[in-house]
Amino acid sequence: VDGKNAILIGNPCTNQLIAEVKNIDYESETCADFINDGETIVELYDNSDDEHVILLVMAKENDAYKKAGLFLKRWEEHLNEFKGNKVIIK
């Protein structure tokens with residue numbers, strides 16, 4: 001995804017690009033340990049060229065991604081929930 005803006009959906013167990021961005025071994029036994037059950041994590045990273053960004057939308061369960069969609073639809077209402085480049089949606 002170098003040189004592009006990208007939205008990556010999944011987690012380091014299901015999406016190799018997310019594993020690379022997070023510097024986690026793809027499909028390892030602990031690849032999604034940082035995500036609690038029922039949580040959705042949204043993180044924003046600068047791409048390696050510093051001109052583009054990568055938005056990660058991560059969860060363990062498929063139904064958790066709907067929460068991220070609803071959150072991102074109204075992101076301006078949630079600005080105070082961001083901690084640095086990350087927000088955890090419960």
Side-chain angles (χ1 to χ4, degrees):
V1 295
D2 288 339
K4 298 178 183 176
N5 291 316
I7 299 173
L8 304 178
I9 299 171
N11 62 57
C13 300
T14 62
N15 187 320
Q16 188 170 359
L17 294 173
I18 290 176
E20 289 175 19
V21 171
K22 297 287 293 172
N23 198 27
I24 295 173
D25 290 333
Y26 176 60
E27 294 183 331
S28 69
E29 289 184 21
T30 59
C31 56
D33 282 357
F34 67 96
I35 305 171
N36 294 320
D37 291 338
E39 283 183 349
T40 305
I41 299 174
V42 177
E43 287 186 292
L44 188 65
Y45 288 87
D46 287 328
N47 208 327
S48 58
D49 64 5
D50 288 330
E51 293 181 19
H52 299 89
V53 296
I54 301 171
L55 180 69
L56 305 182
V57 180
M58 300 174 290
K60 287 184 180 177
E61 301 91 19
N62 286 335
D63 61 340
Y65 294 105
K66 182 176 181 180
K67 289 190 289 187
L70 295 172
F71 179 90
L72 291 170
K73 182 178 179 180
R74 295 191 167 88
W75 66 272
E76 291 174 323
E77 297 172 12
H78 303 283
L79 289 176
N80 62 334
E81 296 174 40
F82 279 86
K83 304 292 185 235
N85 69 327
K86 173 168 109 175
V87 65
I88 297 174
I89 307 164
K90 297 181 182 192

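Every value quoted in this text rests on a predicted model; they were computed, and no experiment measured them.
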Rounded to the nearest 0.5 Å, the NZ atom of Lys86 sits from the CD atom of Glu43 at a distance of 5.5 Å
In this structure, CD1 of Ile24 is separated from OG1 of Thr30 (nearest 0.5 Å) by 7.5 Å
- Heavy-atom check, side chain of Leu72 versus side chain of Val57, under 4.5 Å: yes
Taking a hydrophobic cluster as the set of Ile, Leu, Val, Met, Phe, Trp and Tyr residues connected by side-chain heavy atoms closer than 4.5 Å, whether directly or through intermediates, do Leu17 and Leu56 fall within one such cluster?
yes
Check: Val87 and His78 side chains under 4.5 Å, non-hydrogen atoms | no
Value for CD1 (Ile41) from CG (Asn36), rounded to nearest 0.5 Å, stands at 7.5 Å
Asp2 and Ser48 have their tightest heavy-atom pair at OD1-OG, 3.0 Å
Scanning both residues in full, the closest heavy-atom pair of Val42 with Ala68 reads CG2-CB, 4.4 Å
On a heavy-atom basis, the closest approach of Cys13 and Ser28 is SG-O, 4.3 Å
Of all heavy-atom pairs linking Ile89 and Lys67, the shortest is O-NZ, 3.9 Å
CG of Asp25 to SG of Cys31, rounded to nearest 0.5 Å, is 9.0 Å
Interatomic distance, CG@Leu44 vs CZ@Phe82, rounded to 0.5 Å, equals 8.0 Å
Got more than 12 heavy atoms from elsewhere within 6.0 Å of CD1, Ile7? no
Margin query: Between Glu81 and Phe71, is there a side-chain heavy-atom distance shorter than 4.5 Å?
Written below: yes
**OP:** Check step by step if side chain to side chain contact (heavy atoms under 4.5 Å, CB included) holds for Lys22 and Phe34.
**Re:** CA-CA 11 Å; Lys22 297 287 293 172; Phe34 67 96; 3.9 Å; yes
Asn15 side chain vs Ile9 backbone, donor-acceptor pair below 3.5 Å: yes
Point to revise | Asn80, CG: over 12 other non-hydrogen atoms inside 6.0 angstrom | key: yes
Scanning both residues in full, the closest heavy-atom pair of Ala59 with Thr40 reads CB-OG1, 4.1 Å
(Q) Checking the side chain of Asn47 only, and the main-chain atoms of Asp50 only, is there a donor and an acceptor separated by less than 3.5 Å? (A) no
- With side chain to side chain contact (heavy atoms under 4.5 Å, CB included) as the test, would you mind laying out the steps for Glu39 and Met58 before giving the verdict? CA-CA 8 Å; Glu39 283 183 349; Met58 300 174 290; over 6 Å; no
Practice item. May I ask you to test the Asp46-Val53 pair for a side-chain heavy-atom distance under 4.5 Å? Key: yes
With a cut-off of 6.0 Å (strictly less than), are more than 12 heavy atoms of other residues, nucleotides or ligands near CG of Asp49?
-> yes
Close side-chain approach of Ile88 to Lys90, heavy-atom, < 4.5 Å: yes
Rounding to 0.5 Å, atoms CG (Leu8) and OH (Tyr45) come to a distance of 11.0 Å
